[in-house]
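In what follows, chains are A, B, ... by sequence order, proteins preceding strands, each numbered from 1.
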Amino acid sequence: MMNILILLPLVIPFFGAVLTLFFREKITVQRTVFSVSSGLVFIVSLFLLDHVFTSGVFSVQIGGWKAPFGITFVVDKLSAIMISISGLMAFSTSIYSFGSIDAEREKFGFYTLLSTLFVGINGSFLTGDLFNLYVWFEVMLMSSFVLIALGGTKPQLEGAVKYVTLNLISSLFFLVAVGILYGIVGTLNMADLAVKIKTHQDPWLITTVALMFIIAFGIKSAMFPLFFWLPASYHTPPAVISAVFAGMLTKVGVYAMIRVFTLIFTNNPEVTNGVLIVLAGATMLVGVLGAAAQNDIRRILSFHIVSQIGYMIMGLALASPLAIAGAVFYIIHHIIVKTNLFLIGGIVNEIKGTFALNKLGGIYKAYPLLGLLFLIPALSLAGIPPLSGFWAKFSLVKAGFEAEAWFITGLSLFVSILTLFSMIKIWNEVFWKDLPEDVENIDKFSGFSTAKKRFLFIPVIILAVCTLIIGFFTAPFLMLPQVPHPNW
Amino acid sequence: MFFEFAVNFSLAITGFSMFLVLIRLVMGPHTADRVVAVDLTTSIAIAFIALYAIKSNETYVLDAGLILGFVSFLGTVGYAYYLQLRSKRDE
Amino acid sequence: MSTLILRTAVKYIIPGMFLFSLFLLFRGHNEPGGGFVGGLVAAAAIILYTLANGVEKAEKMLHVSPQKLIAAGLLVALLAGITGWIAGKEFMTGIWLDLPIPVMGKFGTPVLFDIGVYLLVTGMVVKVIFTLADTREEGNQ
Amino acid sequence: MTLFQILIPFLVAPFVPLIGKKREGRELGIILAFIPFLLFISFLFEFINLKPATITPEIYQWIPSIGVDLAFRSDGLSLLFGLIITGIGTAVFLFAGGYLGKGMETVKFYIYILIFMGAMLGIVFSDNLLLLFIFWELTSFSSFLLIGFKHKYLASRYAALQALLVTGIGGLSLLAGVILINSVTGTFSISAIISDPSMLRESSLLVPIIILILGGAFTKSAQVPFHFWLPNAMEAPTPVSAYLHSATMVKAGVFLVARLNPVFTGIGLWNDSLMIFGGATMVVGAFLALKQTDLKKILAYTTLSVLGTLIMLTGYGSEIALTTMIVYLTAHALYKGTLFLTAGAIDHSTGTRDVRILGGLLKKMPFTAYAGIVAAFSMAGIIPMVGFVGKELLYETAMSGEPALFFGVLFAGVIMVYSAIQAGIHPYFAPEKETPLSPHEGDFTLTAGTVTAATMGLILGILASNLLTGMVSLAVSPVAGKTVDVSLGLWHGFNIILLLSLGTIIAGYGLYTVREKLYLLPQVYGPLEYLMPSKLYDKALNLLMFTARGQTSFFQNGYLRNYIITIFATALLLVGGYFFYHLDLTELVIDPSMEMYEAIAGVVIIAGAIIATVAKSRLYAVMALGITGLGVALVFILYGAPDLALTQLSIETLSVILFVLAIYKLPKFLKLSNRNSKIRDLIIASTMGVFITFVILAVYVHEHSTELKNFFAAESLPGGKGRNIVNVILVDFRAIDTMGEIMVLGIAAIGIFGLVKLVRKGG
Amino acid sequence: MSEIILGSFLILGSLVILLAGLGVVKMPDIYLRMSATTKAATLGISVILISTGLHFGTTEIISRTILIVLFLMITAPVASHLLGRAAYLNKLPLWEKTVRDDLGDSLKNKQTTEQEQETN
Amino acid sequence: MILFLALITGILTTVGIFLILRRSLVKVILGLAFLGHAANMLIFTIGRITKGKAAFVPEGSLSPFEPFADPLPQALILTAIVIGFGVQAFLIVLFKQNYKSLKSDDLDNMNTTDML
Amino acid sequence: MAKFTLNLLLALMWLFLTGDFGIVTFIEGVVIGFGIIYLMEGVLGRSDYTKKAYRVLKLVIFFLWELLVSNFKVAAELLTSRFLSSPAIVAVPLSVKTDLQITLLANLITLTPGTLSIDVSEDKKFLFVHLMYGANPDKAIADIKSGFEKKILEVFE
Ligand code: NA
Ligand code: NA
């Protein structure tokens, strides 16, 4: 049974994508297919979680070809958690899409693309083969390319050019690194790589490849100084797409980095972790400063993604069990929170028709609930206790102090106050301040159907509740990941 | 003995011919001239491949020759299509 | 680019190309070829036809919409994978019929998978070309 | 039990909209005031029954893996604070309803303030440092909401943000300190740390820990140089100022210092810092109060001064000093809370808080006047108020210390008197003047609280020897870390201290008589102005924004090629640098042999590559790509990869067709880059090329495992039923790769279709 | 013996291809270049392919090479026609010594077009 | 011959990077294609090359005779080529649409989304 | 009838491709060919395949001969560096009518010496041919008409 379950997060959205392709004209069918399939993935992920927590790591050999020859799919704690988060994200964004995506985009394959996006994401989480990871990355990327450009508005196209080009460069680094690794070691299975690398004659060559992976995944996860594609593009597509991207995509890069650097490239941590920690610090700072300079909800949020990637990398680079647990917790927290913030930004846009701070105001007065819903993820992002972001920050800071990494830890604290600054900036400008006098007071929201309003708010509430749950009932989540299983 | 020489010689000559054609590709002057050059290069590559098939005694190589035939033609049609659209556009 | 000569030539060339594409597909398991190249050659044939006769006629010739081909390709590939489960084995395990067929050799789910690839590749390329070569809506842009 | 007490306000908060939606503000206030009131009563009972020897923490598991528990501790210090919080809370809750009136805003107010009260109680009852920190941050945030309550005003938002940032930075400092304590001691439990502080005191991290903890306390309690946020916080509605910014929240820092005092006392850094910063705040606050004319500002600056005094007293560390601290703190909470609320009442009824135009309210607002005058007496330290007891003790303590501190205390004392007159006497007795509104007494919600609180100050003063002594001795022992014998009395006979008191009162009155001149004092003198912390705060923010903009437009500059260059430069530095540093050229396997036909394929590839770089027309460049593709296909053929060659050739041609269909509309020429950038790009590109070349050569030094190759070869026919091993890999051994790959193609097709056919207007 | 014949054919074929190569470089205008190369290349390649087929000698290979030759014979002139036509439509200059241009005359009769000279 | 292939791979890399640093979007796309070639050549070469002998199981045999080319890198490259094609097709169209909306393929005109 | 022929031709081609002339392969070829013809229904015009083997053969031999000759001429041209005289583009009036015939003619002309078909007029009445040696265009036109065109007409008679 498990050997079927483990593939379902891939097969279900795959099948969903096929179905939506067949029903191009029937939007209702497409919607149903997508939300049902993402719901199913979430349910499956719960079974997977249950299994890994009771019986441990489970793996399956695709096609029955034994490792390292065939491709292995593995579910361990880390991947099970990531899958469940991805299911949750798919489900909540599906609901939001019903309320926010225009009929044209729906007709032109929106749900197909979301499905394939999640095929790629889930595949990336499950695979235990390095080249197969490349393939799922590409599936994910290709879907994201289309999603970011679909609709073809001018900013979308401009953003997409940078998004696509830089991500392709990342893919090339990845591909080349995998190729070189195969050339050195002669295998692609991650576990097998881990074993064979330990006894290789040329550890420095392995480290060279490891550094190449830092570049490849560094671009994907928007690490300094490789992040440029993200702030150039994430604010251009419809809000729900930004939301999914903001939540999931860069985190897949970080996930891959965690996988690779905790499992495969453990032979030269002084170099790899040293590099990572420097980049992590710079990423945090540059990202948060970038956000401080912006005056558009989504641009602020986009730069914050960069900044927070720095935290996750910091956890990875500190490399202690607590630090890695902190990084993983950070990922979980950040996916939920950042997605939600983008969705809320989307609602603001639905109300006022803009994301620009100087054209917004008075939302808190008119929509106090929305204000509350904003504060939950926003404060969580800034690490205000006891919300989820606090525990993430806490774990990392504690790990940092334990590793006596004073500078990066101090920096991480400093950056968190700047994060708070940015969140409050949005709060002040969008929610608290009155609408500027020279801006026409429009409220498109009140004209929406009840169904549309619900579609918009329900996912936001779901995610806010998740944030609260993770914050208040942190214990299981903080213990959850621990270190990815060293030996699949 | 002679046959081996013949194969090698022919390989060299076809290779050299490709080189000559590439000169036309560089010289142009018009896109159509370059297209002629590209078309000819791919065509000559068929002969090159056939000769290599003999040299290496690997017959599967000839499948590439057939594909190359398609490819050469399709490519040329594509370029011609471009040139024709261009001429329309320029009017 | 409707020239009489091209149109006429293409009419006689492309059946052969289709044939060759299927040939590539079916013997790909044993000799050079396979679903990709097969699909690409089939698509090349349709492209030739499209360039010579325009998208509209090409759509008519094709009978099925390329999008359906894509969907069918994915579905067939998926089915080939799931057959492994049905047979009580792992996903994508090769299940073979014990019946030799010329050219193809044996028939089994990997061949079915390759057929899926063929359909998808054909559909994909054709879809793209139809989209790009379709000048019917160019006027209003 | 304590958990429940703390949770109550949080649990009630969500229901406030239900209760308050259709009610008058005062009704809502009355209803909600029962919450602090009932809590007050329960704390009172606990306090009365408190037996210090038997205090045991109340612990509920929360996140055991990191040692964070819901642990609470109700000792004298907590309970005293609990009483202040709920006692003043009752007055404030009652007052605010009448003050704010009906409406959604009032509902929000009560939600915020309930959350605040819960958080504040959380701070004082926590027995877990991290839990304390969580509540600490929650007070900062609820304070933010309350300061920015009138959020349509820029000043409110500015002040709210300022308070949040300053206390937020302090919060992080505290967090760091707490985590360090945890790292050293392995626990967050306050009881555990207090009972065995030796590990901490001997730790090499002691200095940073003390600095970090004090950073938290000083920002929260607005110690110099972080004091500037507090006066700005007066943008909040007056009940908030009364509650948060004088009686309770700002005392959280004092509480923290008091709570941890047993751990650190005796360490020079701890005591000296407290005395220096506290003393400075006491003087600076007092000095800044001199020229204030706004009732709330007067009260705010004197609050600063008092906060400094309290910190300073803790730093003194002697039993008498700590006792003084507790008494002074209690007295301050009572009189300052009252004075703020009376100021609010005055503001509410007259429409102004400017002391220069207030006067003659004695008859018009008799109850308020009573409360104000009584509180002012307490503030001025006039017998028989509790403030008197506090001041006597303060002078007594001061006399035993450094002369500088002594004079500082005296100076602050004089200004206390002066400010007390301004805030609590002047509005009632000064000649009546025209005010924006015609003054009248509010209903009982606006007076009941103040009258009670003021009276409490009186009662505690009168009952100093028994009631106050009992309370204070319970509260001071946890601060001292040992049982302290406290014996308080109202009257100590005529002595030098009484004389000093008298002197300060006279001096204070003297200042009052020349107040008009004091109002004209400059806030700061000359160049000092540029060093004002509030100015520095603004400058820091400006610098932050400047840096942010500068670095963002530097990095995110909009030019794709700059991004790409950055990426490749990084790659070269990191990967290339590491590689070439370790590369041993003598080890490389260099086999320059080459067949003629290989050279032909090579020439084709290189020709295409070079043409592509120099081509001046797009189609020419596309052709060059095609030529290179042909060459690569030839290489594939030469090295036994026919399937690759077939695919490569077909795909190359299809790409050409796509290009052709896409670019025919473009103008022919393109010449955009200049020569210098070309040279720069060529350098980067060729360095990368060299790197790649050497990587290949370096990898060839050792054979790799052929395990996979052999397996595929052996299994292809028997297991995969195919002779074309590459194809068997694609459709069987690694079919799932292919599955993903065809998916990419499908997505591309759908994407291209959507991209071309769906063109939305605008954006 | 047959090896000598086949070898000669290979050499012959490659020389014809060389001819095409020379032609494409030396001829003065595109029409002349195509005139020279289409047939030369087609012939040369065909000769080499047939020789190759005969060298391997199996029906499979021979039939395969014949297919390629047939395909070339059909497509090469079509391609030349397309390119020639496209070149003409793009107003590629005829060699200066060209004496007669019926196509140009017929087009001119149909429409008046302004002459834009393009060199690329 | 390794040196030869390594050099070609290096040259392709150089050209690819040089091209993606141009201002014209078409050149960027071509550059990516060249880099794709470079990556494929790299995998091909670095996965150990064998001259002439493709990985086929001859008739009447159960496995190929040594020496034969390692089929795995070939399969990987095939996958990479096809993926690259999909991506390139999309890029071409993205470029076309961009040109439609901007009337330029100059990347320097495509930075409104980055500006402060 | 025509489709049937085509079907058989395709099946035959399948045999060639596979190099396996067994009956099963033939049936396979027929099935596949049928599928292709089905797909292309409506595109393939009517064509008449009767016994014209002789004429076809004649045409083929004539063509091959011309092809050979043309190459020698071009070789001479290139090797002697004798400069071309007077090329020309001439309009050849067409007697052949169907598309297939025109195409065949055009292709054969292209593959033969000194001539290159450039275009067919829209009314299918003229074939524009580029002549390498256009000093005597009328003779060239006559050669074409009496050579290839005549033989093609014979084949399709
Ligand atoms: Na050709
Ligand atoms: Na040709």
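Of all non-hydrogen atoms in A80(B) and L82(E), the two that sit nearest each other are CB-CB, 3.8 Å. Counting all heavy atoms, side chain and backbone alike, V35(B) lies closest to T76(B) at CG1-CG2, 4.3 Å.
Of the residues considered (I48(E), V78(E), I61(E), T52(E)), T52(E) shows the highest number of contacts with chain B, using heavy-atom pairs under 4.5 Å. Taking D63(B), I23(B), T41(B) one by one and counting their heavy-atom pairs under 4.5 Å with chain E, the maximum is reached by D63(B). Heavy-atom pairs under 4.5 Å with chain E peak, among A37(B), A47(B), A12(B), at A47(B). The candidate from F70(B), F9(B), Y79(B) with the greatest count of non-hydrogen atom pairs under 4.5 Å with chain E is F70(B). Heavy-atom pairs under 4.5 Å with chain E peak, among L66(B), V21(B), L62(B), D33(B), at D33(B).
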Please tabulate, one pair per line, all N/O donor-acceptor pairs under 3.5 Å involving side-chain atoms of residues 8-20 of chain E, not counting sequence neighbours.
{"residue": "S8(E)", "atom": "OG", "partner": "I4(E)", "partner atom": "O", "Å": "2.6"}
{"residue": "S14(E)", "atom": "OG", "partner": "L10(E)", "partner atom": "O", "Å": "3.3"}
{"residue": "S14(E)", "atom": "OG", "partner": "I11(E)", "partner atom": "O", "Å": "2.8"}

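Here side-chain hydrogen bond (donor to acceptor under 3.5 Å, both in side chains) pairs that include residues 8-25 of chain B, with residues two or more places apart or in two chains, are N8(B)-K55(B).
When the shell of 6.0 Å around CZ of F19(B) is examined, it contains 12 or fewer heavy atoms from other residues, nucleotides or ligands.
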